[in-house]
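Only one structure is covered here, and it is reproduced in the block below.
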Number of protein chains: 2
Amino acid sequence: MSPNPRQLELLEQVRERGSVSVEALAERFGVTLQTVRRDVKLLADAGLLARFHGGARVPSSTTENIAYRQRQSLNEAAKQRIARAVARAVPEACSMIINIGTTTEAIARELLQHKGLRVITNNLNVAAILSDNADCEVIVAGGVVRSRDRGIIGEATVDFIRQFKVDIGLIGISGIEADGSLRDFDYREVKVAQTIIEHSREVWLAADHSKFNRPAMVELAHLNQVDVLFTDAPPPDPFPTLLAEAGVSCNVAV
Amino acid sequence: MSPNPRQLELLEQVRERGSVSVEALAERFGVTLQTVRRDVKLLADAGLLARFHGGARVPSSTTENIAYRQRQSLNEAAKQRIARAVARAVPEACSMIINIGTTTEAIARELLQHKGLRVITNNLNVAAILSDNADCEVIVAGGVVRSRDRGIIGEATVDFIRQFKVDIGLIGISGIEADGSLRDFDYREVKVAQTIIEHSREVWLAADHSKFNRPAMVELAHLNQVDVLFTDAPPPDPFPTLLAEAGVSCNVAV
DNA sequence: ACATCTTCGAACAGAAACGAACTTTTGGCG
DNA sequence: CGCCAAAAGTTCGTTTCTGTTCGAAGATGT
């Protein structure tokens, strides 16, 4: 089978929103319900999506996973903008480590056209996305898979990442506090992120505006370990000062 | 093949716009539809673009992936039966290593209801499937991701797997020859499979009937390293004798 | 459990796209 | 100028896609 653009976009729609009704899809593409059903059946048979009475959704869907997908569609536009800005800044043929997070997944999608990348990641979704880029060597870190977001964490993951040293370490986080500390919720994920920072020549942080002043439990790092911050809106006080003191260049995506 | 200027520009057009209709291309170049089709066919055969009914688009390996998915639907019923048989045989709360293959993915789906499993895999798809089982610890092996089937292969993968010793090693293969040798196509995958065999207390082989007498390049192992064979039809001669000699118990799924 | 409203899927028909075979044009080259 | 080969155009039977219709299957509310 060779899927046509409509079918590919259908897939994208479903992946973006988690689930879409047949009717909405028919409307979107200006075709009849029956045609959408045919497309959906085709893609479902290929295992690329799952169907339910009235529509289609992403194939994997525990409750947790859906929650994650929904979080993914939160601030979707902001994430997209950040992702594009990051992708523009990434040179061709460089090596990177990319960690867990909905923003980093958006970035991975934007990197599909880059040539000669070598990407190490502890995020199954990032690995799956980038494995579609024939001109990108994807290395996935070993370790325990967390079902919530398909992140790979744990001691083994840390050991695995230690083997490398890359040009760019790209991390997403849960929160930045007013003292300049970067924080996350899961202790084991923090360990991985710290290792990524240590093994990157340059550290890029991707965080949309909702992350500023958002509290999280575990301290991961401090702003002065970061080289570039990518975000979607000018940071609120006191962050401009903090960023300047820490020598972080701030890239606000428009 | 030596593409003419029009064909080169056609390629460029497709890459720029993602996908273009045959008609638009014909218009663009002032030639007939048939000529465009000839060009498109040529470029598609060379793998430089993918075609769909009505036009052409970039050969995103989502497409290759779909080809893989379709292979998955080949002998689907047989694989499903094998998968169910394997799942019935897997005790609760055991540890396993599962390798690459469409059959092993079907098995992963059947294991979604098992409790207390600990699964190590070098297959991103298996990892993704089983991560939906909240009561299953999934460990993914680190290494290079092969875009064709999202298998993880290479030296790092071998090293990673060496850390473990599990109850059951579950492998799928490309072919079993009449001398009892198990074979596959990719050298690096074979290395991984060998390591899995070494680090499993018991080796289970899943192979549908199409695998018997199917030639493949690289020798992976021999039947006498296998403890149980799961298949969907009684093996043809001379395999019954071979299996008996090798002490392999054969489980034919009905 | 029943009635009702949706959604689904099979079957058919018209339209569009395809591919094979054949013809025409184009551009050397003796 | 005439010949030849390669590229492009033409024609036509075949395949693929899409919309339509209608009975079956699935959801929903009482």
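Order of the sequence lines sets the chain letters (A, B, ...), proteins ahead of strands, with each chain counted from 1.
Rounded to whole angstrom, the span from the CG atom of Leu10(B) across to the P atom of dA8(D) amounts to 12 Å. The interatomic distance linking Gln7(A) (CD) with dT18(D) (P) rounds to 7 Å, in whole Å. Distance Asp39(B) CG to dC18(C) P: 13 Å, rounded to the nearest Å.
Donor-acceptor pairing under 3.5 Å is recorded for the side chains of Asp208(B) and Ser210(B).
Both Asn4(A) and Thr32(B) lie close to DNA chain D; mapped to their nearest nucleotides by heavy-atom distance, the more 5′-ward contact belongs to Thr32(B).
Within 6.0 Å of CZ in Arg183(B) there are more than 12 heavy atoms belonging to other residues, nucleotides or ligands. Applying the 6.0 Å contact sphere to CZ of Arg188(B) captures no more than 12 heavy atoms from other residues, nucleotides or ligands. More than 12 heavy atoms of other shown residues, nucleotides or ligands fall within 6.0 angstrom of atom CZ in Arg6(B). For Gln113(B), the CD atom is loosely surrounded, since the number of other residues' heavy atoms within 6.0 Å does not exceed 12. Remark: Tyr187(B) OH is loosely packed, at most 12 non-hydrogen atoms of other residues, nucleotides or ligands lying under 6.0 Å away.
Neither OP1 nor OP2 of dT18(D) sits under 4.0 Å from any side-chain N or O of Thr35(A).
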Within the sub-3.5 Å range, which N or O atoms of nucleotides 7-10 of chain C have a protein N or O partner, and how far apart are they?
unit_1	atom_1	unit_2	atom_2	d
dT7(C)	O4'	His53(A)	NE2	3.4
dT7(C)	O3'	Gly54(A)	N	3.2
dC8(C)	OP1	Gly54(A)	N	2.6
dC8(C)	OP2	Arg37(A)	NE	2.7
dC8(C)	OP2	Arg37(A)	NH2	3.1
dC8(C)	O5'	Arg37(A)	NE	3.4
dG9(C)	OP2	Arg51(A)	NH1	3.2
dG9(C)	OP2	Arg51(A)	NH2	3.0
dG9(C)	N7	Gln34(A)	OE1	3.1

